[in-house]
K.L.:
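A single structure is presented below for examination.
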Protein chains: 2
Amino acid sequence: MNNTPVTLKFLAEKLKMSVSTVSKALNNYPTINEYTKQRVQEMARDLHFTPNKSAINLKEKKSHIIGIILPNLLDHYFTRSIYGVEQFATQNGYNVIISQSHDDLKKEIQSANMLLRSRVDGLIVAISKHTQDFSHLDQFENMGIPVVYYARNPSFNLSCHKVLGNTFQGCYQATKFLIDRGHKKIAYLGGPKMINFTHDRFNGYINALNDNQVPFSSELVAYTDFDKENTISAIKNLFANPENMPTALVAFKEPIMFDAMKYLKSINHPDFDKIEYVGFGNTSFISYLDSPPIASIEENPESVGENAIKLLIQLINKEIDIHNYQKVVVDCKLIVHG
Amino acid sequence: MNNTPVTLKFLAEKLKMSVSTVSKALNNYPTINEYTKQRVQEMARDLHFTPNKSAINLKEKKSHIIGIILPNLLDHYFTRSIYGVEQFATQNGYNVIISQSHDDLKKEIQSANMLLRSRVDGLIVAISKHTQDFSHLDQFENMGIPVVYYARNPSFNLSCHKVLGNTFQGCYQATKFLIDRGHKKIAYLGGPKMINFTHDRFNGYINALNDNQVPFSSELVAYTDFDKENTISAIKNLFANPENMPTALVAFKEPIMFDAMKYLKSINHPDFDKIEYVGFGNTSFISYLDSPPIASIEENPESVGENAIKLLIQLINKEIDIHNYQKVVVDCKLIVHG
DNA sequence: AACAACATTTCAAACGTTTGAAATAATTGC
DNA sequence: GCAATTATTTCAAACGTTTGAAATGTTGTT
């Protein structure tokens, strides 16, 4: 209803005092008289004064905004990670702008430019599958805006801050768990080869085998690009040799594991019920499955997000020098079901 | 690396012209000489000039930001709805700030105040379960900032813009579908009674029964507050009377339906396999279930989000008067599985 | 009564942009 | 060659806030 916006100037006129007194009164300056403060604050409340962020941002040369670029909000890993970010950001007076790249480099570049224009105070980014050139993200550091890479490893970009899940350890632990349960033929179903995590996890797998004197067989390793057809042909390969049948499976991701399980069941694989499955993810739906996996690798995305925002805020506050590149690793936890 | 920020002033000094020429050149004013424009734009590119949004926002009295308040990013309904919002917002030059209320009124109020300070140009909100007082949201309209309520019906707030799923129609259609498949004893498992949708869906259910001459029995209706224990006791009630056994079930939400199914299976209910289930949601996970529901009610959250942002932008542009309250209803679609 | 000491308020510039009005420069017609 | 046009550039104020310096007001001391 009000047509004149309630600004400091407006309050000052009403109260017959100067704009600076009003400003200082609202910001609780010690040089302002107590009674004056009271009068100002009361008037501000009554007139629903809301400070204009754009003006403050301009003056302070801060936007109090943190940008997040991530592939996708349909993936629970990312939405869970945001939970950690948002909470800590809000506590520290920051707003969060989330932008989805949909794993498309063009959209990622667009998002980056848009956030740059918004003069975010810092950026948290999970790069798209196709990001190999980082110039759109390097712009930020060139302007002194800190960037924390998280969730996905930007292995092509050597000098940067990273917060990553300890995917090696997660896969090692899962494999070890299956070995301890007596398995000797443990298959590994990996993700797309272009994702670094695929190799890190494979290394966890193979190190666990080696450390526990379980022989490695290349027949027990296959990769999928997440496409269902592709997953099924991978699983066919894993179960191709009757002499070398897996009794357990470690999968890159629970959804592809479910596809694998569904396929094995659909062909009435004789050992379907005896095979033990472990995958990355810890989906809440697991409890509704008739033959649930024996365990899940919980990646603690909230913690990854929380560590990313904590590091970013330290960088913004210059508690850590922007060129003193940090790497934070968040361990996985094996969740045994049942 | 640059310590002096690249501003219009900086460019102007480099080019030995006035700030306004630079500004107008970059904004492609017709009064500016072509050659000048070229020189300015080139210099801007070379020096990586990025206009300062805070300054523009202050001048234009617009933030180019749209706020979204929603309960939760872990619920696929909401993340899917954001997909629709983000895309259209970006196309129209708006950024989106998402804030989660976690279904907590206090957090919702906090979020609202934060977005008000940020001077969002418009607000899209899915209210928390406990929102009955709307003063924190009414502030926006009082300042001339349009608000669109979506996804959750703010029935206590009569004069407002709404975009809602046609939950009545969805439930009617599901019930009708089951009737057409020959069911006479169709149970309805509702959500928390404080949510309006619970009643709308119930009305859809009962209207479908009436319109098709299927007798209604109150024994076949129960409610749950989403808590697992609570769901199980509801389902026990539904299946309590051996004289009046349901042969089909319409559920408020797929997750509670899964809980119900799991329970029935766990007690080895004799008719478990014969019962036909339909719930709201269309979870992708369904395909991994051994006994999947016969159909799902797809609520088209992307479309709900898209309609909300479209309406909001029309309101922002004053193509629709802010007090000419609109109601948009998005139909559900029954997805038959298998 | 004069002045130091302190309390309180106001001034004025700055942040980076936009934009109508005014000023200046270039071109045309005669 | 000079006024009249037209093209182009610059001026100056504004958006709403913050903040150090300057100005003003109030006490207390002698």
Side-chain angles (χ1 to χ4, degrees), chain A residues 2-41 43-44 47-65 93 116-121 143-144, chain B residues 2-41 43-44 47-65 93 116-121 143-144:
Chain A
N2 289 335
N3 27 19
T4 39
V6 182
T7 64
L8 289 185
K9 193 174 157 204
F10 185 77
L11 290 182
E13 278 162 12
K14 285 260 168 203
L15 290 159
K16 296 191 196 314
M17 45 177 88
S18 77
V19 173
S20 31
T21 308
V22 175
S23 169
K24 287 175 178 169
L26 289 172
N27 289 308
N28 212 28
Y29 268 52
T31 68
I32 302 293
N33 182 285
E34 273 310 318
Y35 175 60
T36 309
K37 280 185 193 173
Q38 246 177 274
R39 286 208 308 145
V40 171
Q41 278 159 11
M43 178 71 66
L47 267 52
H48 299 110
F49 169 74
T50 326
N52 182 317
K53 262 256 174 144
S54 297
I56 295 175
N57 293 346
L58 178 59
K59 190 82 231 293
E60 291 192 352
K61 297 175 175 234
K62 282 199 74 169
S63 64
H64 300 98
I65 295 176
L116 196 65
R117 272 195 301 279
S118 295
R119 287 285 192 283
V120 292
D121 293 336
M143 290 183 65
Chain B
N2 289 336
N3 28 19
T4 39
V6 182
T7 65
L8 288 185
K9 194 174 158 206
F10 185 76
L11 290 181
E13 280 162 10
K14 285 260 169 203
L15 290 159
K16 296 190 195 315
M17 45 177 88
S18 78
V19 173
S20 31
T21 309
V22 176
S23 169
K24 286 174 178 169
L26 290 172
N27 289 309
N28 212 27
Y29 269 53
T31 68
I32 301 294
N33 181 285
E34 273 310 320
Y35 175 61
T36 310
K37 280 185 193 172
Q38 245 178 274
R39 287 209 307 143
V40 172
Q41 278 159 11
M43 179 69 68
L47 268 52
H48 299 108
F49 169 74
T50 326
N52 183 317
K53 261 256 172 136
S54 298
I56 296 174
N57 293 345
L58 178 61
K59 191 81 231 295
E60 291 192 353
K61 296 175 177 235
K62 281 198 74 170
S63 64
H64 301 97
I65 295 177
L116 196 65
R117 273 195 300 280
S118 296
R119 288 286 191 284
V120 291
D121 293 337
M143 289 183 65

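All of these numbers come straight from a predicted model, not from anything done at the bench. In what follows, every chain begins at residue 1, and chains take the letters A, B, ... in the order their sequences are listed. What's counted below: heavy atoms across the whole structure, side chains too, no hydrogens, waters or symmetry copies.
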K.L.:
Under the side-chain hydrogen bond (donor to acceptor under 3.5 Å, both in side chains) test, which residues partner B/S63, sequence neighbours left out?
P.N.:
B/D121
K.L.:
B/S20: which residues meet the side-chain hydrogen bond (donor to acceptor under 3.5 Å, both in side chains) condition with it, sequence neighbours left out?
P.N.:
B/S18
K.L.:
Residues of residues 26-37 of chain A with any non-hydrogen atom less than 4.0 angstrom from an atom of DNA chain D: list those, numerically ordered, please.
P.N.:
A/N27, A/Y29
K.L.:
Is any side-chain N or O of B/S23 closer than 4.0 Å to OP1 or OP2 of C/dT17?
P.N.:
no
K.L.:
For nucleotides 13-16 of chain C, print each protein N/O atom paired with a nucleotide N/O atom at under 3.5 Å, atom names and distance only.
P.N.:
from: C/dG16; atom 1: OP1; to: A/K61; atom 2: NZ; distance (Å): 3.4

K.L.:
Starting the side chain at C-beta, find the nucleotide from C/dT18, D/dC11, D/dG20 nearest to B/S18.
P.N.:
D/dC11
K.L.:
Could I get the full list of side chain to side chain contact (heavy atoms under 4.5 Å, CB included) partners for A/K59, not counting sequence neighbours?
P.N.:
none
K.L.:
Five pairs at each end of the helix from C/dA1-D/dT30 to C/dC30-D/dG1: take the axis at both ends and give me the angle between them to 10°.
P.N.:
60°
K.L.:
Please report the distance, rounded to the nearest Å, between CE in A/M17 and P in D/dT24.
P.N.:
18 Å
K.L.:
To the nearest Å, give me how far apart CG (A/L15) and P (C/dT8) are.
P.N.:
17 Å
K.L.:
Establish, with yes or no, whether the OP1 or OP2 oxygen of D/dT19 is under 4.0 angstrom from a side-chain nitrogen or oxygen of A/S20.
P.N.:
no
K.L.:
Quick check: does any side chain N or O of A/N52 sit under 3.5 Å from a backbone N or O of A/S54, one acting as donor and the other as acceptor?
P.N.:
yes
